[in-house]
Amino acid sequence: MAALLQTPLSELVILLIFICKKAVRKSYSLHKFRHLVKPFLVVCPDGHIIDIYGLYEATKSDATILSEIMRSQIDPFHWFFNKDDVLSLDRGFRDSIEEVESCGYRRYMPASKDETEYQLSFTGE
């Protein structure tokens, strides 16, 4: 901390600009063509929100966020869910399936919907 206080102001300004540019770059979505941050919500099938994680930069995938949650054994997520509970995940989470199953949870990922369907079906497993 003492070294930071002795640093010239011009060097601190340059460091701050570098940090801000890095944060701006991470929050830019090439898909939406604007700067975004996103929350990560854990939601019951009936729509009730259990927990909200985030805000995450737009470039971080849902699977990466869920993998980080699964790896943290002290996360409140593990207090709420029990072993063999089923997590209904969409295809965006396919890269985190290994972490979900290693924590003892079961996962269900429906197939893509047909052209005539309006929502995904969660019947069967």
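Numbering starts at 1 and runs along the sequence shown. Below, all heavy atoms of this structure are taken into account, side chains as well, without hydrogens, waters or symmetry copies.
Counting only distance, with no hydrogens or angles, the side chain of Arg107 and the backbone of Ile97 share no donor-acceptor pair below 3.5 Å. Judged purely by atom type and a 3.5 angstrom limit, Lys83 uses its side chain to pair as donor or acceptor with the backbone of Cys103. A distance-only check finds a donor-acceptor pair linking the side chain of Asp85 to the backbone of Asn82 [under 3.5 Å]. At least one donor-acceptor pair closer than 3.5 Å links the side chain of His78 to the backbone N or O of Ser72.
The distance from the CG atom of Leu66 to the CZ atom of Phe93 is 6.0 Å, given to the nearest 0.5 Å. Expressed to the nearest 0.5 Å, how far CE of Met70 lies from OH of Tyr105 amounts to 5.5 Å. Here the CG-CE distance, from Asp90 to Met109, works out to 7.5 Å after rounding to the nearest 0.5 Å. Here CG of Leu89 is found 6.0 Å from OG of Ser96. Values are rounded to the nearest 0.5 Å. Atom OH of Tyr108 and atom CG of Leu87 lie 14.0 Å apart (nearest 0.5 Å). Taking CZ of Phe40 as the start and CD of Glu68 as the end, the distance is 10.0 Å to the nearest 0.5 Å.
More than 12 non-hydrogen atoms from other residues, nucleotides or ligands lie less than 6.0 angstrom from CD of Glu101.
In plain terms, the two heavy atoms of Glu57 and Lys38 that are nearest each other are O-CE, 4.1 Å. Of all the heavy atoms in Ser67 and Glu99, the pair that sits closest is OG-OE1, 3.4 Å.
Between Ile69 and Tyr53 the shortest side-chain heavy-atom distance falls below 4.5 Å.
Alongside Ile49, the hydrophobic cluster contains Leu41, Val43, Ile52 (criterion: ILVMFWY side chains under 4.5 Å).
For Arg94, the salt bridge (Lys or Arg N to Asp or Glu O under 4.0 Å) test picks out no residue, with sequence neighbours left out.
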side-chain contact (heavy atoms from CB on, under 4.5 Å) between Val42 and Phe81, intermediate numbers included
CA-CA 11 Å; Val42 179; Phe81 291 100; 4.0 Å; yes
